[in-house]
Amino acid sequence: MTTTKWAAVLAFALSAGLTLAGIVHAQHKILAIGTGDPGGVYFPLGGAIASVLSKALPDIHATVEVTGGSVDNLKLISTGQSELGFTMADAALDASKGQEKFKNNKIPLQALLVVYPNRMHVVTVEGTGINTLADLKGKRVSTGSPGGATEVMAFRVIEAAGLDKDKDMTRERLGAAESVNAIKDRKIDAFFWVGGIPTAAVTDLAATPGMKMKLIDHAEAVEKMNAKYGKLYTASKIKAGAYPGTDKDNAIAEVWNLIVTGDKMSNDDAYTIVKTLVEKKADIVAVHKEAESFSLNNQVQDRSPIPFHPGALKYFKEKGVGG
């Protein structure tokens with residue numbers, strides 16, 4: 001065979017191979033999952049979920065997006081850049097109504113799974129003079145990153161405490177890991193963080209030599225928050241020992257987390273994803289124990305202001321639980 005013919009055969013083979021590779025690739029659905037701050041809980045849980053879905057479902061390639069949190073995740077869903085996202089229930093409700101941080105951007109959302117309760121942490125260290133919410137007046141306080149829902153809930157806790165977020169404190173907008181670094185460097189006096197237990201960044205602060213972390217009680221804010229924003233919040237506790245050196249329960253406000261999608265996902269895909277996450281829960285718990293809450297008895301509409309996807313409801317009905 002002449003060199004010219006060899007070249008032609010090779011070119012054809014390469015072309016066919018690339019075409020075949022393209023077909024194989026095209027059969028994989030890319031599933032981007034919006035998570036959050038690497039120092040928080042959404043990020044490691046999102047990684048575990050991506051791994052479980054990619055292994056269990058051969059036609060899906062799941063990827064994790066590092067984001068500012070709930071608000072960013074919901075906006076990524078609205079623009080089609082992510083298919084799934086973690087979100088706090090309060091931010092999801094705002095997005096579905098096109099209000100607050102989603103003004104003029106009403107996002108059609110469907111819940112796939114109620115995942116775990118997010119606990120509000122109001123964090124300081126000894127030496128700041130902060131023992132109650134009222135003591136935040138005149139202090140340097142981080143209320144969370146602009147792309148997360150910590151800021152949404154923090155503003156509501158501050159308001160319920162009778163403080164003005166703009167006038168009564170010097171406010172920063174930092175994520176969990178950034179807040180911890182800032183408090184270690186004495187650049188801020190306290191920070192708000194809404195996350196699972198334990199949150200890696202908070203554990204890091206609690207274990208820092210020469211510093212004594214304190215968690216500020218604020219459960220009394222829940223009644224006023226619910227009166228104004230709807231029954232989204234419940235009074236709860238971060239139990240003693242949840243973080244190094246914490247020797248008493250911390251009375252807090254909490255809100256449920258959801259995994260949501262937009263209005264484009266098929267019933268079959270939603271069914272398969274939810275089924276996989278519930279039935280492969282143990283693999284996700286191995287990465288973070290908050291995944292223990294990925295259970296069927298939490299899949300009740302009262303815990304989500306967003307309606308469940310019909311594909312998710314089909315799975316719940318098969319298992320005898322109610323949506």
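FYI, side chains are in, hydrogens and waters are out, and symmetry mates aren't considered; it's all heavy atoms of this structure.
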Start with the C-alpha distance between K184 and D204, add both sets of side-chain angles, then the distance that settles salt bridge (charged side-chain N to carboxylate O under 4.0 Å, His left out), and finish with yes or no.
CA-CA 10 Å; K184 284 181 184 180; D204 172 49; 2.9 Å; yes
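- Looking at every heavy atom in both residues, A219 comes nearest to A235 through CB-CB, 4.1 Å.
- From R303, atom CZ reaches atom OG of S293 across 8.5 Å, with rounding to the nearest 0.5 Å.
- The main-chain N or O of T132 is found under 3.5 Å from a side-chain atom of D135 such that the two form a donor-acceptor pair.
- Once rounded to the nearest 0.5 Å, the distance linking NE2 of H218 with CE of M120 reads 5.5 Å.
- Side-chain contact annotation: N131 with K214, donor-acceptor N/O pair under 3.5 Å present.
- Not one N or O on the side chain of T67 forms a donor-acceptor pair closer than 3.5 Å with the backbone of D72.
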Starting from the C-alpha separation in whole Å, work towards a yes-or-no answer on side chain to side chain contact (heavy atoms under 4.5 Å, CB included) for K29 and H61.
CA-CA 6 Å; K29 290 178 184 172; H61 176 62; over 6 Å; no
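- For CD of Q99, the number of neighbouring non-hydrogen atoms (other residues, nucleotides, ligands) closer than 6.0 Å is greater than 12.
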After noting the C-alpha distance and the side-chain angles of S266 and D268, does the key distance pass the side chain to side chain donor-acceptor pair (under 3.5 Å) rule?
CA-CA 5 Å; S266 72; D268 285 349; 5.6 Å; no
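- S70 contributes atom OG, which lies 12.0 Å from atom CD of E151 (distance to the nearest 0.5 angstrom).
- At a threshold of 4.5 Å between non-hydrogen side-chain atoms, the residues L109 and I77 count as touching.
- When the shell of 6.0 Å around NZ of K281 is examined, it contains more than 12 heavy atoms from other residues, nucleotides or ligands.
- Under the 3.5 Å distance criterion, the side-chain polar atoms of R140 are matched with a main-chain donor or acceptor of R186.
- Here the straight-line distance linking atom NZ of K237 with atom NZ of K248 works out to 12.0 Å at 0.5 Å rounding.
- With a 4.5 Å cut-off on side-chain heavy atoms, D94 and M88 do not count as touching.
- Looking only at distances, a side-chain donor or acceptor of K101 sits under 3.5 Å from a matching main-chain atom of P146.
- Among all heavy-atom pairs drawn from D189 and T124, the shortest one is O-OG1, 2.7 Å.
- Looking at heavy atoms from C-beta onward, V278 lies in side-chain contact with L113 at the 4.5 angstrom threshold.
- No single ILVMFWY cluster, assembled from side-chain heavy atoms under 4.5 Å apart, contains both F192 and I238.
- Taking the side chain as every heavy atom from C-beta outward, V41 and F86 never approach each other to under 4.5 Å.
- Counting only heavy atoms from C-beta outward, the side chains of Q110 and P307 never approach each other to under 4.5 Å.
- Cluster annotation: M153 and L215 are assigned to distinct hydrophobic clusters (Ile/Leu/Val/Met/Phe/Trp/Tyr, side-chain heavy-atom contacts under 4.5 Å, transitive).
- Considering H309, K275, E279 as possible partners of Y315, the one that fulfils the side chain to side chain donor-acceptor pair (under 3.5 Å) test is E279.
- Between H121 and V202, some side-chain heavy-atom pair lies under the 4.5 Å cut-off.
- Within the 3.5 Å criterion, the main-chain N or O of L53 finds no donor-acceptor partner in the side chain of T276.
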For side chain to side chain contact (heavy atoms under 4.5 Å, CB included), just list the numbers for E290 and R119, CA-CA rounded to whole Å, side-chain angles, deciding distance to a tenth of an Å, and then say yes or no.
CA-CA 11 Å; E290 286 289 16; R119 283 82 164 196; 2.6 Å; yes
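- With D90 as reference, Y233 is the one residue of Y233, W256, Y229 to meet the side chain to side chain donor-acceptor pair (under 3.5 Å) rule.
- Between the H288 side chain and the P44 main chain, no donor and acceptor come within less than 3.5 Å of each other.
- Contact detail for A32 and E65: the closest heavy-atom pair is CB-OE2, 3.7 Å.
- Between S179 and I188, the shortest heavy-atom distance links the atoms O-CD1, 3.6 Å.
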Walk me through it: do L296 and F316 pass the test side chain to side chain contact (heavy atoms under 4.5 Å, CB included)?
CA-CA 7 Å; L296 286 166; F316 301 152; 4.0 Å; yes
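- With a 4.5 Å cut-off on side-chain heavy atoms, M265 and L84 count as touching.
- Rounded to the nearest 0.5 Å, atoms CD1 (I33) and CG (L31) are 5.5 Å apart.
- Residues V123 and V255 are members of separate hydrophobic clusters, defined by side-chain heavy-atom contacts under 4.5 angstrom among Ile, Leu, Val, Met, Phe, Trp and Tyr.
- Of all non-hydrogen atoms in S78 and N105, the two that sit nearest each other are OG-ND2, 4.0 Å.
- When each of T150, T143, T199 is checked for a side chain to side chain donor-acceptor pair (under 3.5 Å) with W193, only T199 meets the rule.
- Pairing each heavy atom of G36 with each of V66, the nearest pair is O-CG1, 3.6 Å.
- Taking a 6.0 Å sphere around NZ of K137, one finds it holds 12 or fewer heavy atoms contributed by other residues, nucleotides or ligands.
- At a threshold of 4.5 Å between side-chain heavy atoms, the hydrophobic network of Ile, Leu, Val, Met, Phe, Trp and Tyr places V285 and L45 in two separate groups.
- For the residue pair S236/E254, the side-chain donor-acceptor check at 3.5 Å is satisfied.
- Judged purely by atom type and a 3.5 angstrom limit, S304 has no side-chain atom pairing as donor or acceptor with the backbone of V300.
- Within the 3.5 Å criterion, the main-chain N or O of A50 finds a donor-acceptor partner in the side chain of S54.
- The number of heavy-atom neighbours closer than 6.0 Å to NZ of K289, taken from other residues, nucleotides and ligands shown, is 12 or below.
- With D37 contributing its side chain and A176 its backbone, the two residues share a donor-acceptor pair below 3.5 Å.
- Judged purely by atom type and a 3.5 angstrom limit, N250 uses its side chain to pair as donor or acceptor with the backbone of I216.
- Classification of the Y116-Y42 ring pair by plane angle, with boundaries at 30° and 60°, yields perpendicular.
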Could you please spell out the steps behind the side chain to side chain donor-acceptor pair (under 3.5 Å) verdict for D269 and T272?
CA-CA 5 Å; D269 283 350; T272 305; 5.5 Å; no
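- When hydrophobic clusters are built by joining Ile, Leu, Val, Met, Phe, Trp and Tyr residues whose side-chain heavy atoms come closer than 4.5 Å, directly or via intermediates, L76 is not grouped with I60.
- Annotation: side chain of F155 is not in contact with side chain of V152 (no heavy-atom distance under 4.5 Å).
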Show the numbers, then the answer: is there a side chain to side chain contact (heavy atoms under 4.5 Å, CB included) between L112 and F308?
CA-CA 6 Å; L112 292 178; F308 281 110; over 6 Å; no
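- Salt-bridge check for K139 with D168: failed, with every basic side-chain N at 4.0 Å or more from each acidic carboxylate O.
- The CZ atom of F102 sits 10.0 Å away from atom CD of E100, with the distance rounded to the nearest 0.5 Å.
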Please report the C-alpha distance between T87 and N73 in whole Å, then the side-chain angles of each, then the deciding distance to 0.1 Å, and finally whether the side chain to side chain donor-acceptor pair (under 3.5 Å) criterion is met.
CA-CA 7 Å; T87 179; N73 295 342; over 6 Å; no
